[in-house]
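Notes follow the structure.
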Amino acid sequence: MASRSKKVRDKVVLAYSGGLDTSVAIRWLQQKYDLEVIAVSINVGQPGDLQEAVDRAVEIGAVQAYAIDATDDFVKDYIGPSLKANALYMGTYPLATAIARPLIAKIMVDIAKKEGAKYIAHGCTAKGNDQVRFDVSIAALDPELKIIAPMREWVMTREDEIEYARQNDVPIKVKKECPYSTDENIWGRSCECGILEDAMAEPPKDAYEWTVDPEDAPDSPEYVDVHFRKGVPVGLDKKKRMPLTDIVKKLNQLGGEHGCGRVDHIEDRLVGIKSREIYECPAAVILINAHRDLEKMVLTKDLFSYKRGVEQRFSELAYDGLWFSPLAEALMAFVDKTQEFVEGTVRVKLYKGSATVVGRSSPHSLYDTGLATYADGDHFDHRSAEGFIYVWGLPLRTVAKAQKK
Ligand code: ARG
């Protein structure tokens, strides 16, 4: 008689960070859902040893573990388009955490397809934006996949999790509890919770890791020339061709030394809560400032102005987890078209927390000293001014007469 075949367990692809939550999640997914766990650790430029993480996942019992360095894809396909759109949520936050989520979701979906997994799991909680970004991005890429968010389901405190790990043979390295909730990648570091929840409390020194306190920054400024082509940075100073990843890394380091790129603001989460957020994003702040400045030189007045509205809408879509939406795609196509002539060099001065643009030049500059000058060489036709103003003001003159009380 043929033996009954062993029951085949379904597979779940888990976004695994190597920390307590997702380590406990491996066992929990096995026990609660009877699933085979495939752990995926993705590098988007954050510190930490990916290989160590996946080794731990296997030790805990994952049947497969992937370590994927996606930094270059992140820079090219997510940071590039965001920078071209000068993407700043609420005019302030360069969206580092937000724009990494669709990429991570995409990698997870690809692995789920390859492995024949029906489930994807992530370690987001119920109060944040990230759960929405993951769930919505995964749904946009493969609506058949089912999503499990263990931390949204279980009711365990940190202490409970440690106890669960002990009882269920989950090897964990319990680190000293960080007083904040943080997230990092090459575009920036996010920091929230703890004392920062007091909106009036100045962030303590230990809330910052990438940047020196501007008060302690060098007393002499540093200048950096950023070279752009088609809206994308292509070099720094004497190096006219550099990979964008290297440019971002270099500016994080330089800007960090000068205390640039600190952000402290009240943010509207998409789940309806206002939260107080701290960011460190030197490269993002330097590059967005520089890029927008160059656009002022090469874009027409109406294009620049119209694009500002597109930028805001795009930033909201990216924040709200709608990166893979038709509207976001269409806006990116618009933004791309605007970047054709965004070429040139912008000089930025880094000094005690500020990144100030102090010079710019472009082969496609619309800035014409012959028109702008108040000195010799002026070729603006002064006589035309009067007639222009007559026509420009005509509607208002007409209104004033017609509506005279
Ligand atoms: N508020 C930011 C955002 O929604 C950062 C979230 C950071 N995540 C974290 N686990 N601390 O994009």
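Read the numbers this way: they start at 1 and go in the same order the structure lists the ligands and their atoms. The structure displayed is predicted, hence computed values, not measured ones.
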- Within 6.0 Å of CZ in R241, more than 12 heavy atoms from elsewhere: yes

- Message: Restricting to side-chain hydrogen bond (donor to acceptor under 3.5 Å, both in side chains), what partner residues turn up for S315, sequence neighbours left out?
- Response: none

- Quick one: salt bridge (Lys or Arg N to Asp or Glu O under 4.0 Å) pairs with a partner in residues 191-203, sequence neighbours left out? E192-R269

- Message: For the residue pair R56 and Y16, would you count it as a cation-pi contact if the rule is NZ or CZ under 6.0 angstrom from the ring centre and within 45 degrees of the ring axis?
- Response: no

- Query: Got a sec, which pairs hit ring-ring contact (aromatic ring centres under 6.0 Å, His included) with one end in residues 178-235, sequence neighbours left out?
  - Reply: F228-H291

Please tabulate, one line per pair, the protein N or O atoms found under 3.5 Å from any N or O atom of ligand 1, giving the distance to one decimal.
residue  : atom   : partner : partner atom : Å
ligand 1 : 1 (N)  : E267    : OE2          : 2.9
ligand 1 : 1 (N)  : E277    : OE1          : 3.1
ligand 1 : 1 (N)  : E277    : OE2          : 3.4
ligand 1 : 1 (N)  : Y279    : OH           : 3.1
ligand 1 : 4 (O)  : N129    : ND2          : 2.7
ligand 1 : 4 (O)  : R133    : NH1          : 3.2
ligand 1 : 4 (O)  : R133    : NH2          : 3.0
ligand 1 : 10 (N) : S181    : OG           : 3.4
ligand 1 : 11 (N) : S181    : O            : 3.3
ligand 1 : 11 (N) : S181    : OG           : 3.0
ligand 1 : 11 (N) : E192    : OE2          : 3.4
ligand 1 : 12 (O) : Y93     : OH           : 2.5
ligand 1 : 12 (O) : R133    : NH1          : 2.9
ligand 1 : 12 (O) : R133    : NH2          : 3.1

- Task: Using the six-membered ring wherever Trp is involved, compare the ring planes of F388 and W392 and label them parallel, tilted or perpendicular (cut-offs 30° and 60°).
- Result: parallel

